[in-house]
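Structure, as structure tokens:
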Amino acid sequence: MSREIYVGLMSGTSADSIDAVAVDFSKPTPSLIACHEQPLSDALKASITELCQSSDHEIERQGKLDRELGLAFASAVNKLLKDAKLAASDITAIGSHGQTVRHRPPTESRSTHSAFTLQIGDPNTIAFHTGISTVADFRRRDIAAGGQGAPLVPAFHHNVFRHPERSRAIINIGGMANITVLKQDGSVTGFDTGPGNILLDSWIHYQQGKSYDANGDWAASGASQPGLLKYLMEHPFFHLAPPKSTGREDFNLDWLRDVIAEYPQPLAVEDIQATLVELTAHSIADVIVHLGCPIDEVFICGGGAFNGLLMATLEALLHPRVVASTISLGIPPQWVEACAFAWLAKQTLAGLPGNCPAVTGASREVVLGAIYPA
């Protein structure tokens with residue numbers, strides 16, 4: 001059987017790097033055949049962070065960053081192919097998530113007609129500089145159908161991770177965290193649970209200039225503060241009923257600093273980091289415990305799978321459930337989302353839906369994305 005290779009590109013809320021994968025879909029079980037992580041420059045990261053907040057000359061800055069990210073995505077693809085000794089002609093298409101700079105899903109105060117989401121990283125530029133047809137702008141069709149536009153990865157989780165005899169929860173802990181519930185009966189539900197790594201990364205960068213807390217070691221040097229955790233858990237997002245999705249607009253350094261400023265007693269900076277680990281873990285575990293259906297196994301993907309303290313905290317909160325990374329299901333945790341967007345590109349080219357209405361709240365299944373020919 002000839003190979004059917006798609007490239008998936010992912011740059012998440014943390015905006016630290018571009019993940020690029022080549023996946024062969026010629027067999028029922030996808031095969032990850034190459035992967036590449038390309039760090040984003042400090043200048044690009046700063047531009048993304050600035051654009052995620054309202055300020056002057058946004059259209060001018062968005063247009064410039066859109067092109068710069070398109071070139072960075074194309075560079076990541078070309079490096080992936082070179083290292084894997086693949087030619088552009090070997091690739092059916094690229095699926096590019098792009099970089100989210102705004103996410104305003106439907107809420108009680110925002111109608112479906114005014115909801116929107118915006119991902120940049122010009123797919124025209126990607127297609128031109130790689131010579132490969134590119135599928136992008138996946139989220140807005142789901143928004144058009146009345147959905148949240150997120151999370152989209154649950155459809156892929158259902159395709160590759162479901163089990164006929166066990167109910168599973170797949171937890172993606174990227175900048176934000178989301179859950180996919182794969183029930184034994186074949187049904188799928190899912191939604192964003194809240195912050196994943198975004199606050200952890202933002203706080204250590206603010207205090208120490210580091211991009212992330214390796215293995216959660218800095219957090220482990222502190223002590224979680226139950227009172228602060230209670231304050232943080234009062235964020236309105238945690239009290240919304242699904243379907244729901246979130247982003248930097250809700251959880252960011254400014255919000256965290258405001259909460260800390262209102263807290264009635266001084267806090268050690270490492271204790272704040274420890275409490276942020278608890279925030280991510282509790283917001284995930286509380287959802288699983290209160291799902292109303294038994295979950296036999298929990299599998300973690302995304303960068304959070306490499307935070308030892310976070311994983312240990314989740315294991316303690318979810319005991320006796322099995323908690324492991326998706327490597328045990330055949331895909332390393334850091335590559336699951338990029339693989340998902342390779343699969344979504346495949347769905348788009350085949351004219352097949354890529355969303356799960358039970359997850360996003362869309363009125364129906366829809367084909368996602370737009371195709372930009374090479």
Side-chain angles (χ1 to χ4, degrees), residues 11-17 39-54 99-101 103 171-178 192-238 246-286 300 302-314 316-317 334:
S11 178
T13 312
S14 297
D16 51 358
S17 64
L40 289 171
S41 68
D42 289 342
L44 275 177
K45 285 190 281 189
S47 295
I48 292 166
T49 301
E50 290 169 5
L51 193 59
C52 286
Q53 304 294 325
S54 296
Q99 178 66 54
T100 299
V101 293
H103 186 64
I171 310 294
N172 174 61
I173 308 177
M176 300 299 155
N178 55 68
D192 285 357
T193 60
N197 302 312
I198 187 67
L199 297 176
L200 293 165
D201 294 348
S202 297
W203 186 244
I204 196 171
H205 186 267
Y206 177 60
Q207 293 295 332
Q208 299 185 3
K210 296 180 180 179
S211 298
Y212 63 97
D213 184 7
N215 198 43
D217 288 344
W218 186 45
S221 73
S224 177
Q225 302 297 305
L228 177 60
L229 178 62
K230 183 179 179 181
Y231 262 53
L232 295 168
M233 290 293 291
E234 288 175 358
H235 192 293
F237 176 80
F238 296 120
T246 188
R248 282 180 180 266
E249 297 81 8
D250 291 322
F251 298 101
N252 53 63
L253 182 60
D254 288 343
W255 169 76
L256 175 60
R257 291 173 64 186
D258 287 344
V259 173
I260 293 168
E262 294 172 3
Y263 195 67
Q265 62 191 62
L267 294 160
V269 292
E270 62 271 20
D271 290 353
I272 294 170
Q273 187 77 352
T275 308
L276 293 174
V277 169
E278 293 279 344
L279 175 66
T280 295
H282 275 271
S283 57
I284 292 169
D286 287 354
I300 311 296
F306 299 96
N307 185 318
L309 179 62
L310 177 56
M311 289 291 285
T313 305
L314 279 170
L317 291 172
Q334 69 269 41

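Computation of the quantities below employed the complete heavy-atom set of this structure, encompassing side-chain atoms and omitting hydrogens, waters and symmetry-equivalent molecules.
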Of the non-hydrogen atoms in [X] and [Y], which two are nearest, and what is the gap between them?
X: Asn307; Y: Gly216; result: OD1-CA, 3.4 Å
X: Ala177; Y: Ile284; result: CB-CD1, 4.1 Å
X: Phe238; Y: Pro195; result: CZ-CD, 3.8 Å
X: Ala274; Y: Ser224; result: CB-N, 3.7 Å
X: Asn197; Y: Gly303; result: ND2-C, 3.9 Å
X: Leu317; Y: Ala285; result: CB-CB, 3.8 Å

With rounding to the nearest 0.5 angstrom, report the [atom1] to [atom2] distance, [X] to [Y].
X: Leu229; Y: Glu234; atom1: CG; atom2: CD; value: 10.0 Å
X: Gln273; Y: Asp213; atom1: CD; atom2: CG; value: 5.0 Å
X: Leu199; Y: Leu232; atom1: CG; atom2: CG; value: 8.0 Å
X: Phe306; Y: Gln334; atom1: CZ; atom2: CD; value: 4.0 Å
X: Ile198; Y: Asp201; atom1: CD1; atom2: CG; value: 6.5 Å

If we ignore hydrogens and angles and just use 3.5 Å, is the side chain of [X] paired with the main-chain N or O of [Y] as donor and acceptor?
X: Arg248; Y: Cys52; answer: no
X: Asp192; Y: Thr246; answer: yes
X: Asn178; Y: Ile171; answer: no
X: Gln225; Y: Ala223; answer: yes
X: Glu249; Y: His103; answer: yes
X: Gln99; Y: Ile48; answer: no
X: His235; Y: Asp250; answer: yes
X: Asn215; Y: Asp217; answer: no

Looking at side-chain heavy atoms only, is the closest gap between [X] and [Y] below 4.5 Å?
X: Leu256; Y: Phe251; result: no
X: Leu267; Y: Thr275; result: no
X: Leu200; Y: Val277; result: yes
X: Leu228; Y: Ile272; result: yes
X: Asp16; Y: Tyr212; result: no
X: Trp218; Y: Trp203; result: yes
X: Leu310; Y: Thr280; result: yes
X: Ser11; Y: Leu40; result: yes

Going by atom types alone, do Glu270 and Ser221 pair a side-chain donor with an acceptor below 3.5 Å?
->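 No.
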
Report the residues that fulfil salt bridge (charged side-chain N to carboxylate O under 4.0 Å, His left out) with Asp42, sequence neighbours left out, ordered by chain and then residue number.
->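 Asp42 satisfies salt bridge (charged side-chain N to carboxylate O under 4.0 Å, His left out) with Lys45 only.
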
Only pairs at least two apart or in different chains count here, so list each salt bridge (Lys or Arg N to Asp or Glu O under 4.0 Å) that has a residue in residues 259-268.
->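 Residue pairs with at least one partner in residues 259-268: there are none.
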
Do Leu253 and His205 pass the side chain to side chain contact (heavy atoms under 4.5 Å, CB included) test, and can you show the C-alpha distance, the side-chain angles, and the key distance before you say yes or no?
-> CA-CA 10 Å; Leu253 182 60; His205 186 267; over 6 Å; no

